[in-house]
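Data block below; observations after.
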Number of protein chains: 2
Amino acid sequence: MKLPGKTVERLSKYRRTLLECLNEKRNFIYSHDLAARIHITAVQVRRDLMLIGYSSVLRKGYDVRELIDTISKIIDSEESIHVAVIGIGNLGRAVAGYFKGKRSKLNLVASFDNDPQKINKVISGVKCYPYNDIERMIKELDIRIAILTVPLDSAKEITEEMVRYGIKGILNFTTIPLNVPSGVYLEEYDMITSIEKVAYFVKENKI
Amino acid sequence: MKLPGKTVERLSKYRRTLLECLNEKRNFIYSHDLAARIHITAVQVRRDLMLIGYSSVLRKGYDVRELIDTISKIIDSEESIHVAVIGIGNLGRAVAGYFKGKRSKLNLVASFDNDPQKINKVISGVKCYPYNDIERMIKELDIRIAILTVPLDSAKEITEEMVRYGIKGILNFTTIPLNVPSGVYLEEYDMITSIEKVAYFVKENKI
DNA sequence: GTAACAATGTTAATAAAATAACAATAATCA
DNA sequence: TGATTATTGTTATTTTATTAACATTGTTAC
Ligand SMILES: NC(=O)c1ccc[n+]([C@@H]2O[C@H](COP(=O)([O-])OP(=O)(O)OC[C@H]3O[C@@H](n4cnc5c(N)ncnc54)[C@H](O)[C@@H]3O)[C@@H](O)[C@H]2O)c1
Ligand SMILES: NC(=O)c1ccc[n+]([C@@H]2O[C@H](COP(=O)([O-])OP(=O)(O)OC[C@H]3O[C@@H](n4cnc5c(N)ncnc54)[C@H](O)[C@@H]3O)[C@@H](O)[C@H]2O)c1
């Protein structure tokens, strides 16, 4: 099954919302209710669920637990997938600290840095390894995904190396566009572009 | 002129790339060259530039300086626009520190928090004010844009207040979907969704 | 000077995403 | 029970975004 990226994004949001429902002891939720919580339309929800082949049968809304399970089967791996933060600076630490708080199939197992002050210490809940050991550690810890928070000038080279050593997914926080071969999935996370977009639309509204 | 959001995003990236060109003492750049640097197509570049009404006349590529100016005229405001970070925790500090390093039309002028340890101190290069003063300070400092990095449970209430006090744009780092009235621009920045998307496509590739 | 080329701007076509329309059916209630 | 309502799943339509096609026009080489 090949889902559109946009649908995958929404599935992630659906699941998060559904987990909140469980907390509130709600066991059923209507499509329009789920939609309202994330500010989209009910049709969009139903269409996405159609794409993943989920169907509720009852007309009393979706079974929250069941839908969580269905979505998890789609977007999660069987086994937990190992993640590392590359460059445990200001942003890297924030992200690492945040991740360690969650339990999920995504398991933050290491960080890497080249600052002697940092290596071989536990920072934001995760052990920092010397970047020079990354080839070995990717294999040893079976790391699949890298969260890239190194300075701009080293981002390109580090990416090439990581890909060579077997990394399959990269979440890029630097503002450098990266080149990855097919078979490696890259998601760009461009804060500057986001804020400039906000600024543009704020300006346009004002005028 | 009403530009598509996607085009605005790319304009921000074009400008950043063009500024790099200046550093490299390149004064002209072809559409296909600019495109290659951010991994899109030359047609996309030309189409975006058509939308903003820029035209090069020469066939020796775009004049880098001229294009930077043109884009800046479109996406920047005349005067600098004031930004604040709300919740100067781990993520807020990283973002603030990063912003203070740049000079641009976007000017980070304050942060707000309710932690007595933090208020009235300079953190990551920016003064932290008590959140209780936010109404007054938004007016006093003419703050237009808020970068929201508070804990989940306070995000909704804080957003409503800020909007009431005149904030016009919000970059939301929390994973709570926010409600804003029309006239206020909201950009969601959902890290968890991004990483789950990476995980999904990594998994799919593997299978 | 002019033919060949290279790069642009624009229109046309395609693809992707969102929205609308609607038929089907369980639940509700007179 | 049977009509009514509410909600779903799916197909059709519209909108938006991307890609392709192509005519235009400086530039270059001869
Ligand atoms: N902080 C933000 O909010 C923010 C926002 C947008 C983009 N970014 C980008 O994210 C990246 C990190 O930002 P930051 O604020 O955390 O910077 P930072 O300087 O605090 O952190 C960078 C870390 O990378 C490490 N490092 C440097 N070279 C390395 C190498 N070759 N191998 C391994 N580790 C190395 C450094 O020791 C440091 O710990 C930068 O590229 C920045 O442009 C940050
Ligand atoms: N750290 C990350 O990488 C990350 C990733 C994704 C999402 N987020 C989201 O970003 C937000 C912040 O994350 P964090 O890791 O920086 O958390 P944090 O706890 O380090 O920071 C939160 C800050 O907000 C302040 N605060 C709390 N209540 C407040 C209030 N009512 N008014 C003003 N300030 C208040 C706290 O004093 C603290 O300084 C959270 O909502 C989190 O879910 C963070």
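Only heavy atoms go into these numbers, but all of them, side chains included; no hydrogens, no water, no symmetry mates. Residue numbering restarts at 1 for every chain, and letters A, B, ... go by the order of the sequence lines.
Using a 4.0 Å cut-off, no side-chain N or O of B:Lys60 falls inside it from OP1 or OP2 of C:dA6. Here B:Ser55 reaches the OP1 or OP2 of C:dG9: one of its side-chain N or O atoms lies under 4.0 Å away.
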Margin query: salt bridge (charged side-chain N to carboxylate O under 4.0 Å, His left out) for B:Asp69 and B:Arg15? Distances and angles first, verdict last.
Written below: CA-CA 9 Å; B:Asp69 286 350; B:Arg15 180 169 62 173; over 6 Å; no

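Taking the six-membered ring wherever Trp is involved, the centroid distance between the rings of A:Tyr185 and B:Tyr200 does not fall below 6.0 Å. Close placement of the A:Tyr189 and B:Tyr189 rings is indicated, their centers lying within 6.0 Å of each other. The six-membered or imidazole ring of B:Tyr54 lies near that of B:Tyr62, with a centre-to-centre distance under 6.0 Å.
Between B:Glu204 and B:Lys197, none of the side-chain N atoms (NZ, or NE/NH1/NH2) sits under 4.0 Å from a carboxylate O, so this pair counts as no salt bridge.
The residue among B:Gly61 and A:Gly5 whose nearest nucleotide of DNA chain C is located toward the 5' end is B:Gly61.
Summarising the geometry, the separation between CG on A:Asp63 and P on C:dA26 is reported as 17 Å, rounded to the nearest angstrom. Residue A:Met50 contributes atom CE, which lies 6 Å from atom P of D:dT11 at whole-angstrom precision. Between the P atom of C:dT19 and the CG atom of A:Leu51 lies a distance of 15 Å, rounded to the nearest Å. To the nearest angstrom, P of C:dT19 lies 11 Å from NZ of A:Lys6. One can place CD of A:Glu66 at 14 Å from P of D:dT8, the figure rounded to the nearest angstrom.
Partners of A:Glu160 according to the side-chain hydrogen bond (donor to acceptor under 3.5 Å, both in side chains) rule, which considers only residues two or more places apart in sequence or in another chain, do not exist here.
Within residues 28-48 of chain B, the residues that place at least one heavy atom under 4.0 Å from DNA chain C are, in residue-number order, B:Tyr30, B:Ser31, B:Arg46, B:Arg47.
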